[in-house]
Amino acid sequence: MKPLLFCLATLALSGCTTVSMVSKQAIVETELTEQQSEVRERAQAFEALAADKGWVSQSGGLSGLTDMLFGADPDSDAAPARTYAQTIAASAEEPAAIYATVEAHASKAARSLEELDLIATALLESGDVKRADLISFESALVTAQKCYRSFSEATGVVEGDASSARRETEAALRDFASVIDGARMSADQMAAAYAGGDAAGETLS
């Protein structure tokens with residue numbers, strides 16, 4: 001009887017130990033899965049900012065995909081979404097006010113993208129570029145390019161004389177374009193670093 005009790009006790013103890021180890025491992029794996037790099041967080045924040053401010057058009061989801069593939073339904077009562085340029089043009093009558101709004105938005109977008117680019121540069125220096133980092137950064141870069149096109153289009157619909165305000169807006173757009181060019185170089189460097197690290201991993205394995 002004693003050997004049987006001893007065996008049962010041993011199984012109980014080993015069972016508890018196994019459960020404890022699995023539990024801890026699951027917690028660690030969950031933490032690693034949920035943890036994101038600062039590049040990914042900032043890239044997502046930039047895209048969210050652009051969408052919230054209306055600098056880029058919202059995705060049409062399944063309906064938008066259907067329209068793209070088969071054409072929009074001519075009998076649909078749904079009003080087409082306004083572009084950024086249309087929204088800005090309708091928000092103010094004075095050309096100077098429109099230019100000032102576009103300038104402020106372009107400057108804000110440039111600052112946000114520049115902050116993201118600085119973080120990406122730090123990641124490059126660490127040499128630890130993950131695939132998710134690269135994808136997130138490139139996605140934010142595409143969004144920035146769409147923002148630039150929206151801002152440029154908005155300045156093109158302004159009617160009336162506002163020479164001084166227009167010059168300031170165009171300067172802000174040039175600054176934004178310069179930041180985009182810098183971010184594009186960083187994206188190329190990140191892609192090269194990721195490809196090099198991936199190749200090295202394959203060689204070691």
Side-chain angles (χ1 to χ4, degrees), residues 21-66 68 81 83-84 87-88 101-154 172-205:
M21 289 177 63
V22 170
S23 178
K24 290 179 180 178
Q25 183 178 358
I27 292 172
V28 170
E29 288 178 351
T30 302
E31 290 176 349
L32 290 175
T33 301
E34 293 178 350
Q35 187 179 19
Q36 294 193 70
S37 76
E38 194 172 1
V39 168
R40 275 170 271 174
E41 290 178 352
R42 289 299 185 95
Q44 291 169 1
F46 177 80
E47 294 193 81
L49 173 67
D52 291 343
K53 294 294 184 182
W55 300 340
V56 293
S57 299
Q58 296 281 2
S59 172
L62 183 58
S63 175
L65 179 60
T66 302
M68 182 180 68
T83 64
Y84 171 82
T87 302
I88 294 301
T101 299
V102 176
E103 179 194 357
H105 290 175
S107 297
K108 186 176 183 64
R111 287 193 302 270
S112 182
L113 182 62
E114 191 170 25
E115 291 172 359
L116 171 60
D117 194 24
L118 288 173
I119 296 170
T121 300
L123 180 64
L124 276 166
E125 291 175 352
S126 74
D128 186 23
V129 178
K130 305 294 186 185
R131 182 171 181 271
D133 296 322
L134 176 60
I135 291 174
S136 295
F137 189 82
E138 287 181 337
S139 179
L141 177 58
V142 170
T143 297
Q145 292 168 333
K146 291 180 180 179
C147 290
Y148 180 84
R149 286 196 292 270
S150 293
F151 300 150
S152 297
E153 182 185 346
L173 286 175
R174 285 194 298 271
D175 290 342
F176 187 27
S178 179
V179 174
I180 291 175
D181 286 340
R184 188 180 293 112
M185 292 177 61
S186 295
D188 291 341
Q189 293 171 356
M190 289 176 70
Y194 170 71
D198 195 42
E202 290 179 359
T203 301
L204 291 175
S205 60

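Start at 1 with the first residue, then count along the sequence. Remember, predicted model here, so these are calculated numbers, not experimental data.
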Got a list of side-chain donor-acceptor pairs under 3.5 Å for residues 137-145, not counting sequence neighbours?
unit_1	atom_1	unit_2	atom_2	d
Ser139	OG	Glu47	OE1	3.0
Ser139	OG	Glu47	OE2	3.0
Thr143	OG1	Glu47	OE1	3.0
Thr143	OG1	Ser139	O	3.1

Donor-acceptor pairs under 3.5 Å, side chain of residues 102-114 to any protein atom, not counting sequence neighbours: which ones?
unit_1	atom_1	unit_2	atom_2	d
His105	ND1	Trp55	NE1	3.3
His105	ND1	Tyr84	OH	2.8
Ser107	OG	Glu103	O	2.9

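Looking only at distances, a side-chain donor or acceptor of Thr121 sits under 3.5 Å from a matching main-chain atom of Asp117.
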_Residue pair Leu123, Met190: steps toward the side-chain contact (heavy atoms from CB on, under 4.5 Å) verdict_ = CA-CA 9 Å; Leu123 180 64; Met190 289 176 70; 4.2 Å; yes

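Here the straight-line distance linking atom CG of Leu118 with atom OG of Ser186 works out to 8.5 Å at 0.5 Å rounding. Rounded to the nearest 0.5 angstrom, Cys147 SG and Ile180 CD1 are separated by 7.5 Å. A distance of 9.5 Å separates CG in Leu134 from CG in Asp188, rounded to the nearest 0.5 Å.
Ala43 and Leu116 get closest at one heavy-atom pair: N-CD1, 3.7 Å.
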